[in-house]
Amino acid sequence: MTSIELQCAGLRLDPECVELFAGEKIAPGFFGWIIPYGADSGLVGLGLDGKRGIALDYLGKLLKPNGS
């Protein structure tokens, strides 16, 4: 497994809710997450089976507004 996590600002978040993302297009073999610090910042990351892709590439897709 390989993973990556960034501290991000300028987000629109519910500060009371951790978000989890699953699926082959998001994080093959594991999952992604957003853990809020407040309403506009948090940790964004994911883990994946390292044999199935590069974590940084998948994180870039997760950070795009439309997820593409």
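What you see is a predicted model, and the numbers here were worked out from it, not measured in a lab.
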What side-chain donor-acceptor pairs closer than 3.5 Å can you find for residues 29-45, not counting sequence neighbours?
unit_1	atom_1	unit_2	atom_2	d
Trp33	NE1	Glu5	OE2	2.8

- Ile26 meets the side chain to side chain contact (heavy atoms under 4.5 Å, CB included) criterion, sequence neighbours left out, with Phe21, Leu62
- Query: Do you know the tightest heavy-atom contact between Ala55 and Leu46?
  - Reply: O-CD1, 4.0 Å
- Message: Can you pull out every side chain to side chain donor-acceptor pair (under 3.5 Å) where at least one residue sits in residues 42-51? Sequence neighbours excluded, please.
- Response: none
- More than 12 heavy atoms of other groups within 6.0 Å of Ile54 CD1: no
Check residues 11-19 and write down every donor-acceptor pair under 3.5 Å in which the side-chain atom is one partner and the other belongs to a residue at least two apart or another chain.
unit_1	atom_1	unit_2	atom_2	d
Asp14	OD1	Glu16	N	2.9

- Query: Which heavy atom of Ala27 sits nearest a heavy atom of Tyr58, and at what distance?
  - Reply: N-CD2, 4.5 Å
- Task: Could I get the full list of salt bridge (charged side-chain N to carboxylate O under 4.0 Å, His left out) partners for Glu24, not counting sequence neighbours?
- Result: Arg52
